[in-house]
Participant: 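Sharing a structure with you now.
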Amino acid sequence: MALVLYNTLTGRKEPLVPVQAGRVGLYVCGPTVYDHSHIGHARAAVVFDVLVRHLTRRGYQVTYVRNFTDVDDKIIQRANENGEDCRTLAERHIQSYHDDMDALGNQRPDFEPRATEYIESMVRDIQAMIANGSAYPVDGDVYFDVTRPRQYGRLSGRNLEDMRAGARVEVDERKRSPFDFALWKESKPGEPAWPTPWGVPGRPGWHTECLAMSHDLLGAAFDIHGGGHDLVFPHHENEIAQADALGRPFARLWMHNGFVRVNQEKMSKSLGNFFTIRQVREKFHPEVIRLFLLTKQYRGPVDFSEEALLDNKKGLDKAYRSLREAAEFGPPADPGPETAELWETFQAALDDDLNTAKALGHLFEAVRELNRLLDEARSGKPDKDRIRSWAGFIRAMGAVFGFLEREDWGDVAEAEDGLSAEAVEDLIRQRNEARGSKNWAEADRIRNELKSQGVVLEDTAGKTTWRRVT
RNA sequence: GGCGGCAUAGCCAAGUGGUAAGGCAGCGGUCUGCAAAACCGUUAUUCCCCGGUUCGAAUCCGGGUGCCGCCUCCA
């Protein structure tokens, strides 16, 4: 079955037919680096990371580009507030972003271009748009004339007549249409500025950079352009308008991930209801965040809450526990023929517009099967080969999602506060001595004491294991 | 005002014509000194409401209701 993806441009799912057979060029809009990233940014990055993993797994050679917007009004404003220069501010937040994304287990894109590295290309494109009349200068700025492309609004499904001018922002009377957007802004003294052929030093507007960078790194016609749903209008609409104005082919398929919500509302800076990734990381392991973000198909909204994270932590614990027990029967083996059917079903779910929620269901079916085998093993009939094969299968599915790859799950996190591992094991020794003499009261007292310290014991045949819970 | 999305058990969430995946929580059982974990069974005669099409609909059509998003900050 073919891999299909929902295309915002056409409003339906379409088979992925690459420009060049076997290769996929993917461009995803990255963050504007003036602040730490929140869970919404994490979702976008995780979704497209899983897409890349799946496409790669499916045999495509993927070129993944994700940009940094490192020149922009908000960056200038924040830098001024902090009394530092824009470059320093941007650099710090690029590092912060990398730190978060690495922690979440996202692979680095093949290219991470910065807007400031592509000014020349942008100037080239803007000049071409001025030359063919689709852009016009006003004072020191340059605006794009939205009445020029034949179908302005085709991505977001709207037309100029029905839009509300000035709904959120004062109408700039100098523009021909209120929806004309800035390609170039004249710089005030002290602001970042680059020279131009039209004589006014300044900086680019937001909407040109992705056009220039995708063009230079992936070629004019490429396969997939992605980003958060809030980029559909105006950002991506305006990118398409410029490509049209330049007579340039552009991305074929447009993918947009849904929002992360808090109490039924979009997580956003303006509502103040956002949680930064680093905040959430203080309470939850990054793999838990990752699992949570994949529990729903990427196009729908996902509701953020501690309860939801906690539920997912339990699910991940369960899977890791099985893998750890399976490891006692040897390292994970290549998935055998027994798992082939489920593997196909799993892949088919991802082939269908990256249905991670469905695929995750299949992963947990495999966990249950592995636990069944482990139960049989405990009752004295170990089938090592099958155990190792199912463990390998679960790992393989985990690899597509980018989790279940740790060896130290359960011993990690929270270890800095509470009892040391030595102290725990000492108490376990004391308890097992009590158990040996059938002193159940003392054994239970020690177990309860550990439980109050967040350590849960599990007695299995001849051995007591422990884990920390939050 | 325009455009778009969503509504499935206590919670989260798959399922787009053939008789309700999966996770969390709950209940009963097995195992255990007791637990924990795991497994087995169970938990929606029914998919927001009202009509219609069909042998058959959560799934298609029409009409409601509710929630959300976008209409130049935003992943």
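Proteins get letters first, then strands, A, B, ... in listed order; numbering begins at 1 in each. Worth knowing before you read on, the calculation uses all heavy atoms, side chains too, and leaves out hydrogens, waters and symmetry mates.
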Participant: Classify A:His235 by what it touches in the nucleic acid, base, sugar-phosphate, or nothing, heavy-atom distance under 4.0 Å.
Facilitator: nothing
Participant: Identify, with sequence neighbours excluded, every residue that meets ring-ring contact (aromatic ring centres under 6.0 Å, His included) alongside A:His93.
Facilitator: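 Checked A:His93 against ring-ring contact (aromatic ring centres under 6.0 Å, His included); matches are A:His36.
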Participant: Can you list the residues that meet the salt bridge (charged side-chain N to carboxylate O under 4.0 Å, His left out) rule with A:Glu449, with sequence neighbours excluded?
Facilitator: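 Expected list: A:Arg445.
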Participant: Could you list the protein-to-nucleotides 59-61 of chain B atom pairs, N/O on both sides, closer than 3.5 Å?
Facilitator:
none

Participant: Searching all strands shown, indicate the nucleotide that pairs with B:C55 (Watson-Crick or G-U wobble; both distances under 3.5 Å).
Facilitator: B:G18
Participant: What nitrogen or oxygen pairs link the protein and nucleotides 11-15 of chain B at under 3.5 Å?
Facilitator:
{"residue": "B:A13", "atom": "OP1", "partner": "A:Lys296", "partner atom": "NZ", "Å": "3.4"}
{"residue": "B:A14", "atom": "OP1", "partner": "A:Gln297", "partner atom": "N", "Å": "3.0"}
{"residue": "B:A14", "atom": "O3'", "partner": "A:Asn355", "partner atom": "ND2", "Å": "2.9"}
{"residue": "B:G15", "atom": "OP1", "partner": "A:Asn355", "partner atom": "ND2", "Å": "2.6"}

Participant: A:His54: what forms a ring-ring contact (aromatic ring centres under 6.0 Å, His included) with it, not counting sequence neighbours?
Facilitator: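 Scan of A:His54 (ring-ring contact (aromatic ring centres under 6.0 Å, His included), adjacent residues dropped) gives none.
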Participant: Counting the atoms with a prime plus P, OP1 and OP2 as sugar-phosphate, which does A:Lys451 contact under 4.0 Å by heavy atoms, base, sugar-phosphate, or nothing?
Facilitator: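 Nothing: the residue A:Lys451, judged by heavy atoms under 4.0 Å, touches no strand.
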Participant: Give me the residues of residues 135-142 of chain A where at least one heavy atom lies under 4.0 Å from an atom of RNA chain B, by number, or none.
Facilitator: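 Under 4.0 Å from RNA chain B: no residue of residues 135-142 of chain A.
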Participant: For nucleotides 27-35 of chain B, read 5' to 3', which letter fits each nucleotide if B means a protein heavy atom sits under 4.0 Å from the base, S means only the sugar-phosphate is that close, and - means neither?
Facilitator: ------BBB
Participant: Enumerate the residues from residues 271-280 of chain A whose closest heavy atom to RNA chain B is under 4.0 Å, giving them by residue number; use none for an empty result.
Facilitator: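 Residues of residues 271-280 of chain A that come under 4.0 Å of RNA chain B do not exist, since none gets that close.
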Participant: In whole angstroms, how far is the P atom of B:A75 from the NE2 atom of A:His256?
Facilitator: 12 Å
Participant: Base, sugar-phosphate, or nothing for A:Phe364, non-hydrogen atoms under 4.0 angstrom?
Facilitator: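 Sugar-phosphate contact only.
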Participant: For A:Gly258, answer base if it contacts any base atom (sugar-phosphate contacts may also be present), sugar-phosphate if it contacts only those atoms, and nothing otherwise; contact means non-hydrogen atoms under 4.0 Å.
Facilitator: base
Participant: How about A:His38 and A:Phe275: are their ring centres within less than 6.0 Å of each other?
Facilitator: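 Centroid distance A:His38-A:Phe275: not below 6.0 Å, so no.
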Participant: A:Thr464 and side chain to side chain contact (heavy atoms under 4.5 Å, CB included): which partner among A:Arg435, A:Arg447, A:Glu458?
Facilitator: A:Arg435
Participant: Looking at every strand, decide which applies to A:Gly40 at a 4.0 Å heavy-atom threshold: base, sugar-phosphate, or nothing.
Facilitator: base
Participant: A:Phe292 CZ to B:G22 P: how many Å, rounded?
Facilitator: 22 Å
Participant: Could you tell me how far B:A25 sits from B:G62 if I compare only their C1' atoms? Round to whole Å.
Facilitator: 39 Å
Participant: Which part of the nucleic acid does A:Asn257 contact within heavy-atom distance under 4.0 Å: base, sugar-phosphate only, or nothing?
Facilitator: base
Participant: Could you pull out all residues at least two apart from A:His256 that satisfy ring-ring contact (aromatic ring centres under 6.0 Å, His included)?
Facilitator: A:His236
Participant: Under 4.0 Å between a side-chain N/O of A:Arg321 and OP1 or OP2 of B:A38, yes or no?
Facilitator: yes
Participant: Measure from NE2 on A:His229 to C1' on B:C6 and round the result to the nearest Å.
Facilitator: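 Rounded to the whole Å, the gap is 12 Å.
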Participant: With ring centroids as reference points, do A:Tyr97 and A:Phe68 lie under 6.0 angstrom apart?
Facilitator: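 Distance test on ring centres: under 6.0 Å, yes.
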Participant: Using nucleotides 1-3 of chain B, report all nitrogen or oxygen pairs with the protein that are shorter than 3.5 Å.
Facilitator:
{"residue": "B:G1", "atom": "N9", "partner": "A:Arg164", "partner atom": "NH2", "Å": "3.3"}
{"residue": "B:G1", "atom": "N7", "partner": "A:Arg164", "partner atom": "NH2", "Å": "3.0"}
{"residue": "B:G1", "atom": "N2", "partner": "A:Asp162", "partner atom": "O", "Å": "3.2"}
{"residue": "B:G2", "atom": "O2'", "partner": "A:Asp162", "partner atom": "OD2", "Å": "3.2"}
{"residue": "B:C3", "atom": "O2'", "partner": "A:Gly157", "partner atom": "O", "Å": "3.0"}

Participant: My understanding is that only residues two or more places apart in sequence, or in another chain, count here; which of them pass salt bridge (charged side-chain N to carboxylate O under 4.0 Å, His left out) with A:Arg78?
Facilitator: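 Here the qualifying residues are A:Asp35, A:Glu81.
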Participant: Going by the rule ring-ring contact (aromatic ring centres under 6.0 Å, His included), which residues pair with A:Phe329 if we only count those two or more places apart in sequence or in a different chain?
Facilitator: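 If we apply the ring-ring contact (aromatic ring centres under 6.0 Å, His included) test to A:Phe329, skipping adjacent residues, there are no hits.
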